[in-house]
Structures are given as C-alpha cells and as structure tokens.
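Here's the structure, in structure tokens; my notes come after.
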Amino acid sequence: MTAGFIFDYGGTLDTGGQHWGQVLWHAYERHRVPVTEAQFREAYVHAERTLGRNLIIRPDFTFRQTLEAKLQLQLEFLKRNVECGARYAEELADDLYAHTVEQTARSIKVLQTLKDQGVPMVLVSNFYGNMPVVLHEFGFDGLFLKVVESAVVGIRKPDPRIFLLGVEALGLKPEEVTVVGDSLDKDIIPAHEAGCQTVWLRGEGWTPASHNGDCPYCEIIDSLDELLKMIKTK
C-alpha cells in the first residue's frame, strides 16, 4: 500500500498527461500559425535548449511570463524560415494559459481529495527555479509537504536521486512511495530504479513510442481521476 505520493508537475498536473510540446503544437494548429509540425518541433527544441543554457526564467516569473518567454523564443526562431508575425504570441499565450488554468483546477481536486484522506505528497519537477510562484499562481498552496525542483537542488530527471530527495522529504521508504508522472523515461523508469512504486499517466507524448510503450512494473492511468479509483480498489 502507498503511504505517500510524489507527483511530477509539467505534463502531469498542468496538462493531464499531454507532453507540453504537443500542447503547444495543437495551439499553433488552432490559431493557424503558418508553420509545419516539423518546423515547430525544431523551434520547440531550440527554445527548450536555450532556456536550459541561459538564466532567462527568473525565480519570480509567473507561469504566464514563463510561457511568454518560451513562445517568444519559438516564434523568433521560426521567423528565419516563415512569415510568423509576433501577433501570434499573445493569441497563443491566452489560449495556452486558459488551458492550463482549466487543467490545474482538475488536478487540484484530485490532490485535495488525497490530502483530505491524510496522504502526504511531495512535488518533484524539472523546472526553472520559479516553481513556488507557479504553484501559488494556480492555487496549489498547502498541498505538498515539499517541492523538489531541479534548478534548486542541482539534480535533473531522469537521475533517480531526485526522487530519493522526494522520498526523504516524505520520511518514508522508497517502496512505500508511489511516483505519478507522464514521462516513461523521465519519471517512471528512474522512479522505479529508485525503488518506488509507479503510476504512469499516459497521454499524448512527444513521439508515438513515448505513449504507446509497455510498462510491466507500473500502473497505467489515462486521467488523474483514475488515481482515486485505483486507490479505492486496493
């Protein structure tokens, strides 16, 4: 039985299992940004690598500011190949922010139910150093015993050690903790290597293989709501 939970954030609590690259691409489609999926993917990777190498996201950045920084990097990159006007930036930001508000509200209901049942929870995330600001922005206050953020602790997934920091924060043994995440490679496999139980929130991944893979040692759910049903049956 699970005595505590570790949750991933990006792609899990804010998108319901959908990789952020896919969330962004579908917004590009909705707003008819004149780029191909291949061009978008190149811009997405460029932006993520740029953010990883440079301290662009400040600790006081809200999610909206973080999102706008990502979109700016993507659209500037795309301008090299296509006419991609800056007017799309605000349209995309409004769309994506509303989507995130809706999804985080659903996630909070699940987390609040777990907290009301006395289940301790920790957040373990690869993020930019502004995770507490983002959590407050969307109303996650008081749900987690601790936030373990890669930019703060100096360890990034898929290094299993970052999950052991979460286990330590819970004051439990690895086998007593269940890790819930959307990424098989960055969440589920390293958490399993750390000795934790795992629940894979399987949604639309960056590649077909990333959400069609097999996982013999983990539970698989298609929405966070299923986590509550799964716990009740055990």
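Annotation: side-chain contact (heavy atoms from CB on, under 4.5 Å) contacts of Val153 (sequence neighbours excluded): Val148, Ile155, Ile162, Leu165. Residues satisfying the side chain to side chain donor-acceptor pair (under 3.5 Å) criterion with Thr12, sequence neighbours excluded, are Asp8, Asp182.
Using a distance-only test at 3.5 Å, with no hydrogens or angles considered, a donor-acceptor pair links the side chain of Arg41 to the main chain of Trp206. Counting only distance, with no hydrogens or angles, the side chain of Gln39 and the backbone of Thr36 share a donor-acceptor pair below 3.5 Å. Judged by distance alone, the side chain of Thr100 and the main-chain N or O of Asp14 form no donor-acceptor pair under 3.5 Å. Between the side chain of His19 and the backbone N or O of Gly21 there is at least one donor-acceptor pair closer than 3.5 Å. No side-chain donor-acceptor contact under 3.5 Å links Asp95 to the backbone of Glu91. No donor-acceptor pair closer than 3.5 Å links the side chain of Asp159 to the backbone N or O of Arg156. Side chain of Glu149 to main chain of Ser125: no donor-acceptor pair is present (N/O by atom type, distance under 3.5 Å, no hydrogens or angles). Checking side-chain atoms of Glu137 against main-chain N and O of Thr62 turns up no donor-acceptor pair under 3.5 Å. Of the possible polar contacts, one joining the Glu226 side chain to the Asp222 backbone as a donor-acceptor pair under 3.5 Å is found.
Other residues, nucleotides and ligands contribute at most 12 non-hydrogen atoms within 6.0 Å of the CD atom of Glu90. Within 6.0 Å of atom CZ in Arg106, more than 12 heavy atoms from other residues, nucleotides or ligands are found, so the atom counts as buried in its surroundings. Annotation: Lys157, atom NZ; neighbour count of heavy atoms from other residues, nucleotides and ligands within 6.0 Å is above 12. Atom NE2 of His136 is surrounded by 12 or fewer heavy atoms from other residues, nucleotides or ligands within 6.0 Å. Heavy atoms from other residues, nucleotides or ligands lying under 6.0 Å from CZ of Arg161 number 12 at most.
Taking CZ of Arg49 as the reference point, atom CG of Leu51 lies at 12.5 Å (rounded to 0.5 Å). Residue Leu71 holds its CG atom at 6.0 Å from CG of Leu24, rounded to the nearest 0.5 Å. Considering OG of Ser223 and CG of Leu228, their distance stands at 9.0 Å, rounded to 0.5 Å. With rounding to the nearest 0.5 Å, the separation of CG in Leu135 from CZ in Phe63 is 12.0 Å. A distance of 11.5 Å separates CZ in Phe140 from CD in Gln112, rounded to the nearest 0.5 Å.
When each of Leu123, Ile108, Leu13 is checked for a side-chain contact (heavy atoms from CB on, under 4.5 Å) with Leu143, only Ile108 meets the rule.
Between Val180 and Thr198, every side-chain heavy-atom pair lies at or beyond the 4.5 Å cut-off. In this structure the side chain of Trp20 reaches within 4.5 angstrom of the side chain of Tyr44, judged on heavy atoms. Looking at heavy atoms from C-beta onward, Val199 lies in side-chain contact with Met230 at the 4.5 angstrom threshold.
Identified under the ring-ring contact (aromatic ring centres under 6.0 Å, His included) test for residues 170-196, with sequence neighbours left out: His192-Tyr217. Under the ring-ring contact (aromatic ring centres under 6.0 Å, His included) criterion, no residue pair touches residues 141-182, with sequence neighbours excluded. Screening residues 126-135 for side chain to side chain donor-acceptor pair (under 3.5 Å) gives Glu48-Tyr128, Thr66-Asn130, Lys70-Tyr128 as the qualifying pairs, with residues at least two apart or on separate chains.
A side-chain N or O of Glu29 and one of His26 form a donor-acceptor pair less than 3.5 Å apart. For the residue pair Glu76/Gln72, the side-chain donor-acceptor check at 3.5 Å is satisfied.
Salt bridge present: Asp94 and Arg64 bring a charged side-chain N and a carboxylate O closer than 4.0 Å.
The two atoms that bring Gln22 and Gly205 nearest to each other are NE2-O, 3.0 Å, heavy atoms only. The two residues Phe40 and Leu78 come nearest to each other via the heavy atoms N-CD2, 4.2 Å. Minimum heavy-atom separation, Cys215 to Ile220: CB-CD1, 4.5 Å.
The six-membered or imidazole ring of Tyr9 lies away from that of Phe7, with a centre-to-centre distance of 6.0 Å or more.
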When you look at Met121 and Lys115, which way does the side chain to side chain contact (heavy atoms under 4.5 Å, CB included) test go after all the steps? CA-CA 8 Å; Met121 297 173 289; Lys115 184 179 180 182; 4.0 Å; yes

Side-chain atoms of residues 167-178: list all donor-acceptor pairs with protein atoms under 3.5 Å, sequence neighbours left out, distances to 0.1 Å.
residue, atom, partner, partner atom, Å
Glu176, OE1, Lys173, N, 2.8
Thr178, OG1, Thr2, OG1, 2.5

